Number of protein chains: 2
Amino acid sequence: MTTSPVTLQQVADRAQVSRSAASFALSGRPGVSESTRSRVLAIAAELGYSPNRTAQNLRSSRTGIVAVYLPKDVSVLSYYMEATFGIIDEAELSDHTVTFVPHSAESAARLRADGVIILDPTLDDPVIPRLLELGLPVISGEEMPQESAQLTGTVTSDHAGSTEEILDAFAAAGAHSPAIISPEERMSWSMTIEDAYRKWCGDHGVETRIESASLDGMSETTRRATKRLLESGEVDAILALTDGSVLTVVTSAASHGRTLGTDLLVAAAVDSPVLGYMDPPVTAVDLRPREFGRACMRLLTRALDSSDSRGDGRAPHAEGIQTAATSAEETDALQQSVETHVIHRDSTAGPLHRPRSTDSTTPPATPEERS
Amino acid sequence: MTTSPVTLQQVADRAQVSRSAASFALSGRPGVSESTRSRVLAIAAELGYSPNRTAQNLRSSRTGIVAVYLPKDVSVLSYYMEATFGIIDEAELSDHTVTFVPHSAESAARLRADGVIILDPTLDDPVIPRLLELGLPVISGEEMPQESAQLTGTVTSDHAGSTEEILDAFAAAGAHSPAIISPEERMSWSMTIEDAYRKWCGDHGVETRIESASLDGMSETTRRATKRLLESGEVDAILALTDGSVLTVVTSAASHGRTLGTDLLVAAAVDSPVLGYMDPPVTAVDLRPREFGRACMRLLTRALDSSDSRGDGRAPHAEGIQTAATSAEETDALQQSVETHVIHRDSTAGPLHRPRSTDSTTPPATPEERS
DNA sequence: CACCAATACTAAATCGGTTTAGTGACATGC
DNA sequence: GCATGTCACTAAACCGATTTAGTATTGGTG
């Protein structure tokens with residue numbers, strides 16, 4: 001039934017040349033006449049030849065696999081799925097297969113891959129050191145919270161900038177007391193947002209109010225944090241960092257007598273398809289996860305290319321001064337940032353009508369009520 | 001820096017035997033004395049030998065890759081992410097790497113994999129025929145909507161049963177006019193639910209009310225469908241098939257003067273972490289996606305094992321009658337079902353207070369009101 | 001004409017396993 | 001005593017590419 005794939009040998013035979021000549025012709029290397037080259041190319045195309053990746057991998061001692069590691073307990077955040085598909089987009093170009101690393105230290109240790117992309121590395125995640133020990137190129141999506149010499153490259157987003165923009169929007173819409181809900185897990189991006197928030201509050205003479213929630217979708221922790229904020233008469237705007245926490249805020253606002261966009265402003269630090277269709281739609285930061293994933297993979301591809309042109313890992317007999325200079329150059333290059341932008345939706349439209357303090361029994365405003 | 005991995009040759013040298021003897025010893029095949037075997041095993045363990053998968057793959061003309069294909073435009077449904085991790089769990093046992101198939105016909109055509117798992121195959125998806133043409137074993141997670149001879153196995157869930165259970169729960173809580181929101185995309189599971197719904201309505205003398213929504217999280221289609229249902233004075237219970245549609249219903253209920261669990265019952269055909277933390281929590285069907293993914297991979301593993309013990313694809317010289325019998329036997333075996341169960345939460349608690357028809361300004365009933 | 005170099009190619013090694021075909025030693029049967 | 005068989009193992013082929021080393025053929029130069 002299935003016709004077995006065409007091999008290089010078959011192409012060579014048909015072209016009446018040796019296997020090596022055919023290989024040279026196809027890879028565009030010198031050592032073969034122009035007429036032979038075009039003949040081989042034509043025959044390869046005719047037969048539908050495509051090199052066996054496994055054989056190539058064996059020869060070059062590669063696997064053709066790129067491993068992606070996600071934070072544990074995220075099953076909601078569509079950000080990661082989008083980012084993964086971005087990685088796949090780019091990996092296709094260099095014929096790499098993308099796979100996930102399971103959340104166990106053992107499977108990380110026996111991981112077979114050419115490189116690793118860690119998305120949102122979490123402080124104290126026991127798997128991450130194992131991944132770094134592998135000696136493979138590692139790209140970090142968002143900064144590593146812990147210092148790491150082995151890191152190959154980093155892709156970041158401008159979380160500080162978008163946080164400022166959202167807090168400014170809150171203020172412009174009439175909110176004076178913004179709070180944030182941040183994940184318990186220590187990740188660089190959330191800490192960056194917390195810092196930006198504290199700075200903004202300092203600059204504007206506002207007290208900070210940070211609640212923490214767990215990362216795994218929605219938990220009791222998240223609900224309680226939300227409740228505390230909604231019952232506080234003070235807080236009139238909430239920036240929620242995760243998918244889970246923003247949904248909790250939105251769905252429980254009404255039962256606390258709050259109306260989004262009217263007496264409570266809400267924004268999300270990470271956009272998600274659901275937010276645009278909430279009622280009202282929720283302002284959020286578009287981190288362009290697909291582009292972010294692509295950027296990670298591009299950096300990794302660069303690292304993989306350069307690591308085989310020079311020492312190929314088996315013969316790492318460095319050339320003294322040269323290596324140092326080259327690697328410094330590369331370290332600089334392997335840092336990249338992805339543009340983001342805030343999508344302003346109705347949940348921060350304002351102007352804000354401040355809720356009556358401590359009165360949580362107020363019935364929700366009906367659509368007819370307008371000021 | 002990175003110490004190169006131990007090869008079989010090194011183990012053999014150390015044990016003073018040939019490479020083949022070492023291979024026999026390690027693979028547990030006969031032809032080597034017990035003393036030699038244990039010596040080789042000990043040395044292999046000591047050196048931390050682990051066979052090079054790429055070399056094994058080359059020899060056995062395999063890739064070690066299992067490809068997973070998801071419906072297009074799903075980035076919210078955490079079901080798929082969970083199912084994928086279930087596939088990965090099981091794939092680890094047989095040393096397979098799991099990857100996603102991009103949503104393009106070309107990349108599907110040049111896919112390198114040992115087998116394919118299609119989750120929720122959608123009717124008219126142009127990529128699916130390409131995947132079936134590959135001649136690889138294909139497992140379908142939920143029934144294929146179109147007939148396909150090439151299909152190797154199918155894993156299903158009891159959607160009809162859970163639908164009945166939910167509709168019964170609606171009725172028990174006092175609802176008499178349940179509606180469903182189903183995705184536009186034709187998938188076997190959603191059609192099964194629609195059929196079960198129609199049957200239930202027939203059996204109970206209730207008129208059917210089916211709205212359709214798009215699968216990609218939440219769209220204008222979904223919002224309009226939701227609006228129609230909520231504005232209808234008739235409908236007092238909604239079974240939403242997708243993550244997106246259930247969230248739309250939940251978040252927009254209040255602005256239509258409806259209170260979940262009190263004058264409107266809501267349930268989801270697919271559970272998601274968010275639903276348990278909505279306010280009130282939403283009843284949903286736990287499809288046990290992780291177990292479902294595992295079951296898919298187990299079926300695939302079985303198919304892969306049997307395909308290499310018999311004709312290995314390169315020498316498909318069938319043995320007439322025998323083959324037909326064997327393949328029929330296998331077709332029977334490669335059908336499996338995963339148990340599911342309904343998680344009853346407050347959104348269907350009832351007893352239901354029917355809203356006054358066409359009066360959408362009714363204030364929500366307070367908790368004190370009881371019938 | 002002899003010598004060297006470049007060209008265009010082929011033969012063979014290589015990657016790291018698995019598997020088949022052989023081989024020598026020893027035991028058994030007739 | 002010789003054919004036959006079994007056991008434990010080795011040599012070599014093989015998977016399908018890449019890459020190095022080697023070989024004719026040609027051309028140019030002193």
Side-chain angles (χ1 to χ4, degrees), chain A residues 3-41 43-44 47-65 95 112 114 305 308-309 312-315, chain B residues 3-41 43-44 47-65 95 112 114 305 308-309 312-315:
Chain A
T3 152
S4 65
V6 182
T7 69
L8 181 59
Q9 186 67 68
Q10 291 169 15
V11 174
D13 288 351
R14 187 85 167 258
Q16 317 241 41
V17 292
S18 68
R19 206 163 68 242
S20 11
S23 176
F24 290 150
L26 287 164
S27 60
R29 297 156 115 267
V32 77
S33 72
E34 211 40 61
S35 67
T36 303
R37 182 185 305 281
S38 57
R39 183 157 39 92
V40 170
L41 252 49
I43 289 172
L47 298 184
Y49 168 75
S50 142
N52 182 316
R53 297 288 306 171
T54 307
Q56 291 181 318
N57 288 337
L58 176 59
R59 186 64 231 259
S60 59
S61 59
R62 282 226 234 297
T63 62
I65 296 171
D95 251 311
R112 302 176 315 110
D114 296 337
D305 287 350
D308 83 341
S309 70
D312 83 330
R314 275 136 183 291
Chain B
T3 153
S4 64
V6 182
T7 69
L8 181 60
Q9 186 67 67
Q10 291 169 18
V11 174
D13 289 350
R14 187 86 166 258
Q16 315 241 42
V17 292
S18 69
R19 205 161 73 245
S20 12
S23 176
F24 290 150
L26 287 164
S27 59
R29 295 156 116 268
V32 78
S33 71
E34 212 38 64
S35 69
T36 303
R37 183 186 305 280
S38 58
R39 184 157 39 92
V40 170
L41 253 48
I43 289 172
L47 298 184
Y49 167 75
S50 142
N52 182 317
R53 295 289 304 172
T54 307
Q56 291 181 316
N57 288 338
L58 176 58
R59 185 64 228 258
S60 58
S61 58
R62 280 226 236 294
T63 61
I65 297 172
D95 251 312
R112 301 176 315 110
D114 296 337
D305 288 351
D308 81 344
S309 70
D312 85 330
R314 276 137 181 292

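By convention in this document, chain letters (A, B, ...) are assigned in the order of the sequence lines, proteins followed by strands, and residues within each chain are numbered from 1. Only a predicted model underlies this, so the values are computations on that prediction, with no experimental measurement involved.
- For the OP1/OP2 pair of dG16(C) and a distance below 4.0 Å, the side-chain nitrogens and oxygens of Y49(B) include no atom meeting the criterion.
- Rounded to 10 degrees, the angle separating the terminal helix axes of the helix from dC1(C)-dG30(D) to dC30(C)-dG1(D), each built from five base pairs, is 70°.
- V6(B) comes within 4.0 angstrom of the backbone, heavy atoms only, and of no base.
- Between L8(A) atom CG and dT19(D) atom P the separation is 12 Å, expressed in whole Å.
- Taking atom CZ on R29(B) and atom P on dA21(C), their separation rounds to 13 Å, with Å as the unit.
- Distance CG/L58(B) to CZ/R59(A): 12.5 Å, rounded to 0.5 Å.
- Between N52(A) and T7(A), the closest side-chain pair of non-hydrogen atoms is not below 4.5 Å.
- Side-chain contact between R53(B) and T63(A) is absent, with no heavy atoms from C-beta onward closer than 4.5 Å.
- More than 12 heavy-atom neighbours from other residues, nucleotides or ligands sit within 6.0 angstrom of CZ on R39(B).
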Output a table of nitrogen or oxygen pairs between the protein and nucleotides 5-9 of chain D separated by less than 3.5 Å.
| residue | atom | partner | partner atom | Å |
| --- | --- | --- | --- | --- |
| dC9(D) | OP1 | T36(B) | OG1 | 2.7 |
| dC9(D) | OP2 | S33(B) | N | 2.7 |
| dC9(D) | OP2 | S33(B) | OG | 3.1 |
| dC9(D) | OP2 | T36(B) | OG1 | 3.2 |

Which atom pairs link the protein and nucleotides 12-14 of chain C when you take only N or O atoms and keep those under 3.5 Å?
| residue | atom | partner | partner atom | Å |
| --- | --- | --- | --- | --- |
| dT14(C) | O2 | R59(A) | NE | 3.4 |
| dT14(C) | O2 | R59(A) | NH1 | 3.2 |

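- Within the 4.5 Å cutoff, the side chain of I65(A) has no heavy atoms near those of the D114(A) side chain.
- Panel note: side chain R37(A), backbone R29(A); a donor-acceptor pair is recorded below 3.5 Å.
- Here the straight-line distance linking atom OG of S4(B) with atom CD of Q10(B) works out to 6.5 Å at 0.5 Å rounding.
- In this structure, the CG atom of L58(B) is 12 Å from the P atom of dG16(C), given to the nearest Å.
- Regarding contacts with the backbone of dG16(D), every side-chain N or O of Q56(A) stays at 4.0 angstrom or more from both OP1 and OP2.
- In this structure, Q9(B) places its CD atom 11 Å from P of dT10(D), rounding to the nearest Å.
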Stepwise side chain to side chain contact (heavy atoms under 4.5 Å, CB included) test for L26(B) and L8(B): CA-CA 10 Å; L26(B) 287 164; L8(B) 181 60; 3.6 Å; yes

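- A donor-acceptor pair under 3.5 Å is absent between the side-chain atoms of R62(A) and the main chain of N57(A), judged by distance alone.
- Q9(B) contributes atom CD, which lies 9.0 Å from atom OG of S18(B) (distance to the nearest 0.5 angstrom).
- At a threshold of 4.5 Å between non-hydrogen side-chain atoms, the residues V40(B) and V32(B) do not count as touching.
- Distance R62(B) CZ to dG17(C) P: 17 Å, rounded to the nearest Å.
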